[in-house]
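These numbers come from the heavy atoms of this one structure, side chains and all, not from hydrogens, waters or symmetry mates.
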Amino acid sequence: MKSMQWICAPRRGLASFVLRALACLAAVQGGCLHSAPPRPDILVVTIDTLRSDHCSCYGYPIGTTPNLDALAGSGVRYNTAYSETSTTAPSHAVLMTGRHFRSFGLTKNGGILPDDSVTLAERLKDAGYATAAFVSSFPLMSRFGFSQGFEKFDDAFTSDEASLGRRKPGEAAHDRYAGATFEHFQRWFDDFHDARPLFVWVHFVDPHAPYHAPEKFDAQWPDGTSGAIQRYDGEVHYADEQLGRVLGLFRSRATDRGQLIVVTSDHGEGLGDHGWMSHGINLYEEAVRVPLVASWPGHLAAARVVDEPVALIDVAPGILDSLSLEAGSFTHGRKLFGATDSARQVFLQRRDYKSSSEGGQKIRGEMSAVVANGSKLILAPGENRREFYDLATDPHELVDLLGGGPANDRERAAAAAAPPARLTKAEAEAGATRLDGLLRQWHKQYPAALRSHAAPDKETQKALRSLGYIE
């Protein structure tokens, strides 16, 4: 105690000494001279099926995302952010664990996140955080393991709160519109009076198909914009409005700890590109490029844009590192807020389809892809597909340099107007061979675990079909 007196308390009387001694005792585990700084409240928001190039802060000419735009102005926008896959459950599993989904076998919706998978929520709870989550879609329900580490996990869906297009009175609901999820969050938040730092995850299913925003969104779209895209943009704008409500409520808890906010998506949407409207089937850029914005005033620079590639797998280890917490099992991702790397290799994977078809195209087996140094290789042996793209000159993947061509007339016209490829056929083949080697090495380094899903029961099958998922 004598040494503590000299370190922690100047000679200002007994009362001052006692107060300072108690403060030192409270901080003794961290060291009296170097007690840990306050840890921020943390908010992670995931907006399902949100393509980055339909967000106005990513250059979309229509003002779809004013609240996300404002958040980007106060923080960091990652211009080249990837989801590992284009399916909700495995993508969120990667986000919440920092591990490749193939390593724990959660490969499709209806799969289960294993109990031994350490989640971000579990690590933060162990570090003294209060934890809560509010999700909006069936594949993320507690029954599939996504509640691990959350003291409050809200996944109660009712038919009157289901997304427009899926509201059937008297039938079980499998999702809920963003406004209803916000209201669940608000009711809980208004009664939350815990002094601990807070970690909240809010998930919106909008703008997932079918596209029926609760309110009309008027904009000046370019001539020829399809009605489906206009409705999709309306749902994007609606989800952004609800994001604004979440941000406003969360910020009302402002403390001297500060607030770290991350907003992203689990995957994109086809919207007619490469002949597809939906997601889950392909690994083209429109399916796996997602918005990723982080704000932490005083710690992250405002209005910064990071062009180097990052991925959702970097979010969990990045948050933990920013709190000086060991990542533990978060070994596959990089630290999101650390040094960037223009040579970053991003690996992508689609789950294994037994055999199916959609839009007249066969869907069979696994699909893998790797992005490295501005090039991209896509492999799907079961579909006899091997495609190589130069993203630097062909960001929309219109011309497969190994011989394939655009999928439709619109894409053929765009390809004809695009700059010429910078690679010859021989250079493209050499580049594809190099990336093929990277993919083989990645598969060897991260062998696929046993599948974490059994054959789904009838209820699960019905729920997944109602959300548009096949097989």
Side-chain angles (χ1 to χ4, degrees), residues 50-55 57-60 77-86 91 264-276 279 281-292 305-314 334 340-350 367-380 385-408 410-442:
L50 179 57
R51 282 176 58 153
S52 59
D53 62 356
H54 276 250
C55 300
C57 59
Y58 281 81
Y60 195 54
R77 177 171 63 84
Y78 295 89
N79 199 40
T80 313
Y82 284 93
S83 165
E84 183 164 310
T85 188
S86 56
S91 178
T264 188
S265 179
D266 55 348
H267 53 74
E269 186 76 318
L271 298 181
D273 293 340
H274 295 95
W276 297 90
H279 57 270
I281 306 300
N282 288 315
L283 298 174
Y284 295 119
E285 295 289 280
E286 65 269 13
V288 292
R289 283 281 292 276
V290 294
L292 178 57
V305 176
V306 173
D307 288 320
E308 291 80 6
V310 297
L312 296 190
I313 202 170
D314 303 331
R334 302 191 181 190
T340 57
D341 181 5
S342 60
R344 169 74 182 277
Q345 299 163 4
V346 177
F347 294 90
L348 312 167
Q349 187 166 7
R350 185 196 75 190
M367 177 185 290
S368 299
V370 57
V371 178
N373 295 314
S375 297
K376 182 176 181 180
L377 176 70
I378 300 175
L379 293 178
R385 292 171 63 183
R386 183 172 182 261
E387 304 171 17
F388 182 77
Y389 297 95
D390 177 15
L391 297 179
T393 59
D394 182 18
H396 302 293
E397 298 159 298
L398 298 176
V399 179
D400 170 19
L401 295 178
L402 300 183
N408 51 47
R410 174 173 61 87
E411 292 174 357
R412 277 188 282 274
R422 61 176 179 170
L423 302 177
T424 65
K425 182 70 179 293
E427 290 171 332
E429 185 60 53
T433 299
R434 181 179 64 84
L435 295 191
D436 185 276
L438 292 178
L439 266 180
R440 292 176 185 275
Q441 183 180 358
W442 182 71

- prompt: Just how far is it from atom NE2 of His279 to atom CG of Leu271, taken to the nearest 0.5 Å?
  reply: 11.0 Å
statement: Rounded to the nearest 0.5 Å, the CG atom of Asp436 sits from the OG atom of Ser368 at a distance of 10.0 Å
- request: Would you check if the side chain of Ser265 reaches a backbone N or O of Pro291 as a donor-acceptor pair within less than 3.5 Å?
  value: no
task: Determine the sole option in Val290, Asp307, Val306, Val305 for which the side chain to side chain contact (heavy atoms under 4.5 Å, CB included) test with Tyr78 is passed.
output: Val306
query: Within a strict 4.5 Å, meaning less than it, do heavy atoms of the Glu84 and Leu312 side chains meet?
result: no
task: May I ask you to decide if Thr393's main-chain N or O and Arg422's side chain share a donor-acceptor pair within less than 3.5 Å?
output: no
query: If only atom types and distance count, is the side chain of Asp400 paired as donor or acceptor with the main-chain N or O of Phe388 below 3.5 Å?
result: yes
- request: Look at the rings of Tyr389 and Tyr284 and say which category their plane angle falls in: under 30° parallel, 30 to 60° tilted, over 60° perpendicular.
  value: perpendicular
task: Could you tell me the separation between the CG atom of Leu398 and the CZ atom of Arg412, rounded to the nearest 0.5 Å?
output: 11.0 Å
- prompt: Do the side chain of Arg344 and the main chain of Val371 share a donor and acceptor less than 3.5 angstrom apart?
  reply: no
- prompt: With distance as the sole test, does Arg350 use its side chain to make a donor-acceptor pair with the main-chain N or O of Ile281 at under 3.5 Å?
  reply: yes
- line: Taken in chain and number order and not counting sequence neighbours, the residues that satisfy salt bridge (Lys or Arg N to Asp or Glu O under 4.0 Å) with Arg385 are Glu383, Glu387
message: Before you tell me yes or no, could you show the steps for Arg289 and Tyr58 under side chain to side chain contact (heavy atoms under 4.5 Å, CB included), namely the whole-Å CA-CA distance, both residues' side-chain angles and the distance that decides it to 0.1 Å?
response: CA-CA 11 Å; Arg289 283 281 292 276; Tyr58 281 81; 6.0 Å; no
field: Donor-acceptor pair, side chain of Thr424 and main chain of Glu427, under 3.5 angstrom
entry: yes
task: Of all the heavy-atom pairs spanning Leu379 and Leu439, show the shortest one and how long it is.
output: CD1-CD1, 3.7 Å
task: Return the minimal non-hydrogen interatomic distance between Leu402 and Ala432, and the atom names on each side.
output: CD1-CB, 4.1 Å
task: Search all heavy atoms of Asn282 against all heavy atoms of Ser86 and return the closest pair with its distance.
output: O-OG, 3.1 Å
- prompt: Is a side-chain donor or acceptor of Thr80 paired with a backbone partner of Glu308 at a separation under 3.5 angstrom?
  reply: no
- line: Distance col, row Lys376:NZ vs Glu285:CD, nearest 0.5 angstrom, shows 4.0 Å
query: Going from NE2 on His267 to CG on Leu348, what distance comes out if it is rounded to the nearest 0.5 angstrom?
result: 14.0 Å
message: Could you report the tightest heavy-atom contact between Pro309 and Val346, atom names first, then the distance?
response: CB-CG2, 4.0 Å
message: Holding to side chain to side chain contact (heavy atoms under 4.5 Å, CB included), I want the full list of residues that pass it with Asp53, two or more places apart in sequence or in another chain.
response: Arg51
message: Is it the case that over 12 heavy atoms from other parts of the model lie below 6.0 angstrom from the CZ atom of Arg440?
response: no
statement: d(Asn373 CG, Ser342 OG) to nearest 0.5 Å is 7.0 Å
- prompt: Any side-chain heavy atom of Glu286 within less than 4.5 Å of one from Glu397?
  reply: yes
message: Counting only heavy atoms from other residues, nucleotides and ligands, does the tally under 6.0 Å from CD of Gln441 exceed 12?
response: no
- prompt: Between Leu391 and Tyr82, which heavy-atom pair has the shortest distance, and what is it?
  reply: CD1-OH, 3.9 Å
